[in-house]
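Each chain gets a letter, A, B and so on, in the order the sequences are listed, and its residues count up from 1.
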Number of protein chains: 2
Amino acid sequence: MPEKVIPDIVVGRLPIYLRSLQRMLAENRHVTSSQELGERLGISAAQIRKDLSQFGEFGKQGTGYSIDFLADQLRQILKVDRVWDIAVVGAGDIGSAVARYQGFANRGLRVTMIFDNDPDKIGIQVGSFTVKDIANLGPTIVKAGIKIAMIATPSKEAQEVADQLISAGVKAILNYAPINLTVPEHVHVQHIDPVIHLQRMTYYL
Amino acid sequence: MPEKVIPDIVVGRLPIYLRSLQRMLAENRHVTSSQELGERLGISAAQIRKDLSQFGEFGKQGTGYSIDFLADQLRQILKVDRVWDIAVVGAGDIGSAVARYQGFANRGLRVTMIFDNDPDKIGIQVGSFTVKDIANLGPTIVKAGIKIAMIATPSKEAQEVADQLISAGVKAILNYAPINLTVPEHVHVQHIDPVIHLQRMTYYL
DNA sequence: TAGATTGTTAATCGATTAACAATC
DNA sequence: TAGATTGTTAATCGATTAACAATC
């Protein structure tokens with residue numbers, strides 16, 4: 001029996017739902033509805049119910065959803081009911097900021113190492129990490145069993161770094177370099193480029 | 001005659017096209033085709049032609065597109081044929097990194113000021129900027145005529161900062177705080193949260 | 001019970017793709 | 001001319017919404 005394929009676009013909304021639920025929990029709320037969640041997120045209630053129904057039945061008619069329970073379910077679905085170690089490559093401004101970022105806590109993610117190729121940076125402290133030599137990238141990542149990496153190098157080095165990470169078993173890359181990475185089908189890539197986001201808005205100004 | 005409304009999703013792809021074209025220019029290329037561009041970006045050639053056709057006819061049958069010309073047209077469409085000044089709010093790791101980011105150059109954007117509310121940060125240098133007191137946020141932004149801002153404050157301050165920015169005439173906000181901002185309809189918001197991007201990928205691991 | 005809200009179905013809406021005449 | 005590639009149309013595909021029976 002082939003497992004049902006969930007559209008990417010649906011998977012992409014789950015982290016947004018989860019973040020909102022965690023926020024409600026922090027506000028000491030216990031129950032919510034598709035309508036309330038939708039209003040907070042600017043998404044229709046019908047869409048939220050449809051999205052969730054792809055994975056099971058998590059609500060109660062007349063009552064809505066237990067926030068705690070639904071958040072738990074989403075964490076399981078997204079596989080962030082555990083903690084994933086992340087390697088950061090590039091110890092410039094962005095790499096350093098992301099290595100020190102506090103926002104990963106309780107969200108299933110944790111930075112555990114940072115690399116650079118600059119002799120002046122190798123060995124210095126970035127937050128609680130000592131910058132490692134990129135020359136040891138592959139073996140270090142293999143040994144640590146790391147599956148997720150963030151690339152924060154200059155554009156011209158990003159593809160080469162990606163290739164090395166993938167050879168070392170990395171399966172998910174968050175790329176801060178403003179360049180499109182080419183990767184095999186079994187590897188997932190997401191891009192963060194502030195300019196792209198900003199240019200999406202200048203059109204409307 | 002009402003102007004044709006372009007779908008958001010089409011506008012959202014234009015900056016990607018532009019970035020790729022600028023890269024080709026840097027590689028000293030002069031002509032490209034929808035097919036080549038599509039291969040680089042993992043987008044179908046038909047979709048690229050369809051997207052571009054919403055705005056005009058930029059290519060030549062049999063030859064393709066002049067990279068220089070098409071890039072120029074996209075810059076005009078996206079209104080980045082000029083330079084937009086940006087204010088950064090929050091001078092922590094992320095705000096500082098983004099204020100120093102070199103990647104805005106030649107892409108129609110430029111950071112011109114950075115604010116914080118921490119007395120220990122106000123007055124210090126971040127890149128070429130002196131951190132300003134957030135107490136003066138509104139008037140300073142009005143005076144400078146700034147329309148675009150990036151929020152890199154803690155979550156609990158982000159909505160309040162957004163409200164102030166909007167009162168001061170800001171029309172586009174790039175939000176790095178991991179929280180959904182509520183804004184009037186005429187204001188555009190984009191969110192960057194590395195955790196959201198990462199959780200989109202952990203599902204597939 | 002009355003009110004509320006789910007999960008699901010069918011209808012609608014919108015986006016993508018395939019195909020090809022036009023033409024460089 | 002022959003080959004290539006555009007811009008566009010129509011067909012297909014997929015996503016969103018509206019509506020409602022089920023039921024808490």
Side-chain angles (χ1 to χ4, degrees), chain A residues 2-18 20-21 24 29-74 76-77 200 203, chain B residues 2-18 20-21 24 29-74 76-77 200 203:
Chain A
E3 216 171 300
K4 183 176 38 164
V5 176
I6 311 290
D8 277 2
I9 198 161
V10 172
V11 173
R13 279 190 294 259
L14 299 186
I16 310 275
Y17 299 162
L18 178 56
S20 204
L21 291 168
M24 288 181 190
R29 304 281 316 287
H30 291 97
V31 180
T32 188
S33 64
S34 58
Q35 171 154 28
E36 186 193 32
L37 199 50
E39 272 165 22
R40 288 205 180 205
L41 298 173
I43 290 178
S44 80
Q47 178 158 87
I48 290 173
R49 292 201 301 281
K50 188 102 206 286
D51 285 352
L52 297 177
S53 75
Q54 304 261 11
F55 301 95
E57 308 193 355
F58 306 122
K60 268 211 201 31
Q61 283 106 323
T63 333
Y65 302 89
S66 153
I67 295 173
D68 200 56
F69 176 74
L70 183 54
D72 252 357
Q73 295 297 309
L74 289 179
Q76 279 179 38
I77 293 165
R200 273 178 193 166
Y203 172 80
Chain B
E3 215 171 302
K4 181 176 41 165
V5 177
I6 309 290
D8 276 3
I9 198 161
V10 172
V11 174
R13 280 190 292 260
L14 300 187
I16 310 276
Y17 299 162
L18 177 56
S20 204
L21 291 168
M24 288 182 190
R29 304 282 315 288
H30 292 98
V31 180
T32 188
S33 64
S34 57
Q35 170 152 28
E36 185 193 33
L37 199 50
E39 272 165 21
R40 288 206 180 201
L41 298 173
I43 291 178
S44 79
Q47 178 159 88
I48 290 174
R49 292 201 302 279
K50 189 98 205 289
D51 285 352
L52 296 177
S53 75
Q54 305 260 12
F55 301 95
E57 309 192 354
F58 306 122
K60 267 212 202 30
Q61 282 106 322
T63 331
Y65 300 90
S66 153
I67 296 174
D68 199 56
F69 176 75
L70 182 55
D72 252 359
Q73 295 296 309
L74 289 178
Q76 280 180 36
I77 293 165
R200 273 179 193 166
Y203 172 80

Looking only at side-chain atoms of B:S53, point me to the closest of D:dT8, D:dT16, D:dT17.
D:dT8

Would you say the side chain of B:F55 lies within less than 4.5 Å of the side chain of B:V10, judging by non-hydrogen atoms?
yes

Any side-chain donor-acceptor pair under 3.5 Å between A:R40 and A:S20?
no

Is there side-chain contact between A:Y17 and A:I43, with at least one heavy-atom pair below 4.5 Å?
yes

Expressed as a whole number of angstroms, how long is the span from B:I48:CD1 to C:dA15:P?
17 Å

Just how far is it from atom OG1 of B:T32 to atom CD1 of B:I48, taken to the nearest 0.5 Å?
8.5 Å

Determine which bases of DNA chain D form Watson-Crick or G-U wobble pairs with both distances under 3.5 Å, and write the result as a 5' to 3' dot-bracket string with | for other-strand partners.
..||||||||||||||||||||||

Could you check if a side-chain atom of A:D51 sits within less than 4.5 angstrom of a side-chain atom of A:I6, using non-hydrogen atoms only?
no

Nearest whole angstrom, please: distance from the P of D:dG14 to the CD1 of A:I6.
14 Å

Could you measure the distance from the CD1 atom of B:I16 to the CG atom of B:L37? Nearest 0.5 Å is fine.
10.5 Å

Phosphate OP1/OP2 of C:dG7: any A:Y65 side-chain N/O under 4.0 Å:
yes

Within this structure, what is the CG-to-C1' distance between B:L52 and D:dT5, rounded to whole angstrom?
13 Å

Tell me which nucleotide among D:dA15, C:dT17, D:dT8 gets nearest to the side chain of A:P7.
D:dA15

What I'd like to find out is whether the side chain of B:Y65 reaches to under 4.5 Å of the side chain of B:L52, using heavy atoms alone.
yes

Could you check how far CG of A:D8 sits from P of D:dT16, rounded to whole Å?
12 Å

Below 4.0 Å: OP1/OP2 of C:dT5 and any side-chain N or O of A:S34:
no

Going by the salt bridge (Lys or Arg N to Asp or Glu O under 4.0 Å) test, which pairs reach into residues 61-73 of chain B, not counting sequence neighbours?
B:D72-B:R75

A:Q35 CD to C:dT5 C1': how many Å, rounded?
9 Å

I'd like to check B:V31 versus B:K60 (side-chain heavy atoms, cut-off strictly below 4.5 Å). Are they in contact?
no

Between C:dT6 atom P and A:L70 atom CG, what is the distance in whole Å?
10 Å

So if I define the base as every atom that isn't primed, P, OP1 or OP2, how would nucleotides 18-24 of chain D read as a B/S/- string at a heavy-atom cutoff under 4.0 Å?
BB--BBB

In whole angstrom, give the distance that lies between atom CD1 of A:I9 and atom C1' of D:dG14.
10 Å

Spacing between B:E36 atom CD and D:dA4 atom P, to the nearest angstrom
15 Å

